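Down below is the structure, laid out as structure tokens.
Everything numeric in this text was worked out from a predicted model, so none of it was measured. Heavy atoms only: backbone and side chains are in, while hydrogens, waters and symmetry mates are out. Sequence lines set the chain letters: A, B, ... in the order given, protein chains first and strands last, and positions in each chain run from 1.
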Number of protein chains: 2
Amino acid sequence: MKKTILIFGSLIIALLLLFQFSKYAVVSGDFQVEYIMAIVAIISLTIGLFINNKAQKALSVSNQKIDFKKIEELGLSKREYEVLKEIALGLSNQEIAKKLFVSESTIKTHVSNLLVKLNAKRRTQAIQISKSLNII
Amino acid sequence: MKKTILIFGSLIIALLLLFQFSKYAVVSGDFQVEYIMAIVAIISLTIGLFINNKAQKALSVSNQKIDFKKIEELGLSKREYEVLKEIALGLSNQEIAKKLFVSESTIKTHVSNLLVKLNAKRRTQAIQISKSLNII
DNA sequence: AGTAAAATGGTACTTTAGTATGAGCCTCAC
DNA sequence: GTGAGGCTCATACTAAAGTACCATTTTACT
């Protein structure tokens, strides 16, 4: 929202400057009206493209963005969250254990706690739930 | 690409029309130059927003779209694909069996074939691969 | 220093998942 | 009508995944 206001503010200023410039140019007779029109149109068009691009990107980013609040809310610990990410990559408990330099028992414990916290019955369900909650 | 050309074509035509209109208006003296400038700017801005919006949407849709060609390429049968989707929802073999009105044995067979075709070792990996290939 | 939470890991067990193999049935193309 | 591919299902097995319980050790914080 702050960004939107900022962008629209600069936009208005830019337009005012443009009008001033065009007025001056017309009065002084250095340019033809059509050229100035063309310049104004192109600049406005560019601004339009730019604004929308920013807005869309902000939107798509927010859709991909990880909901850290939700992670806290669920009470997931650092280690549990790490394990969750590895599960989502399709690794087995043994593979995760090797990757994180701990025993498979430890991973099993983490996974078990993870499933309770995510209210999932299986790791596949944990993946689905995590994705729907935007935490991975 | 075709769309891009089409959009830019219409854009150029629209600009030409605008210039003609502005020329006429200035000559006839009905409007002040500033107003015409403003109108041109607003219209161009709107066009800019519109173009970018279309382009971005087309992009985001293509990212979500399911790659049916890839499914064929992998040789996934109709039933196998159905099972794959259920796996991605986090269901167990037994649950999938009930949902599709077949025995668990059948699901196991499908899953096994599925894993070979997707070159996955586990169902969680199958989910990851499927998502990366845009087939679910 | 004391404490609570987190991290680690072990044993023992049950449940799912996945493999291998074989077999019956159906459909569609040649 | 024959064969290939797809769908179904069963048995028997191995391998993972997941649960329950307990016991240390680390870490972080007051």
Just the rounded figure in Å: distance from P of C/dA17 to NZ of A/K121.
11 Å
In terms of side-chain geometry, is the basic nitrogen of A/K70 or A/E73 positioned less than 4.0 Å from the acidic oxygen of its partner?
yes
Is the closest basic N to carboxylate O distance between B/K69 and B/E72 below 4.0 Å?
no
Which atom pairs link the protein and nucleotides 24-29 of chain C when you take only N or O atoms and keep those under 3.5 Å?
none

Taking atom P of C/dA6 as reference, at what distance in whole Å does atom CD1 of A/I71 sit?
14 Å
A/V102, A/L114: one ILVMFWY side-chain cluster at the under-4.5 Å cut-off?
yes
A/G75 backbone acceptor or donor facing A/K117 side chain under 3.5 Å:
yes
How about B/H110 and B/L100: do any of their side-chain heavy atoms sit closer than 4.5 Å?
no
Rounded to the nearest Å, what distance is computed from the NZ atom of residue A/K98 to the C1' atom of nucleotide C/dT8?
19 Å
Under 4.0 Å protein heavy-atom contacts per nucleotide of nucleotides 7-17 of chain D, with B for base, S for backbone only and - for none
SBBBB-----B
If we count only N and O atoms by modelled type, under 3.5 Å, do the side chains of A/T109 and A/S112 hold a donor and an acceptor together?
no
A/R122 and B/E95, any side-chain heavy atoms less than 4.5 Å apart:
yes
Are side-chain heavy atoms of A/I136 and A/L84 found at a separation under 4.5 Å?
yes
Could you state the atom-to-atom distance from CG of B/L114 to P of C/dA17 in whole Å?
14 Å
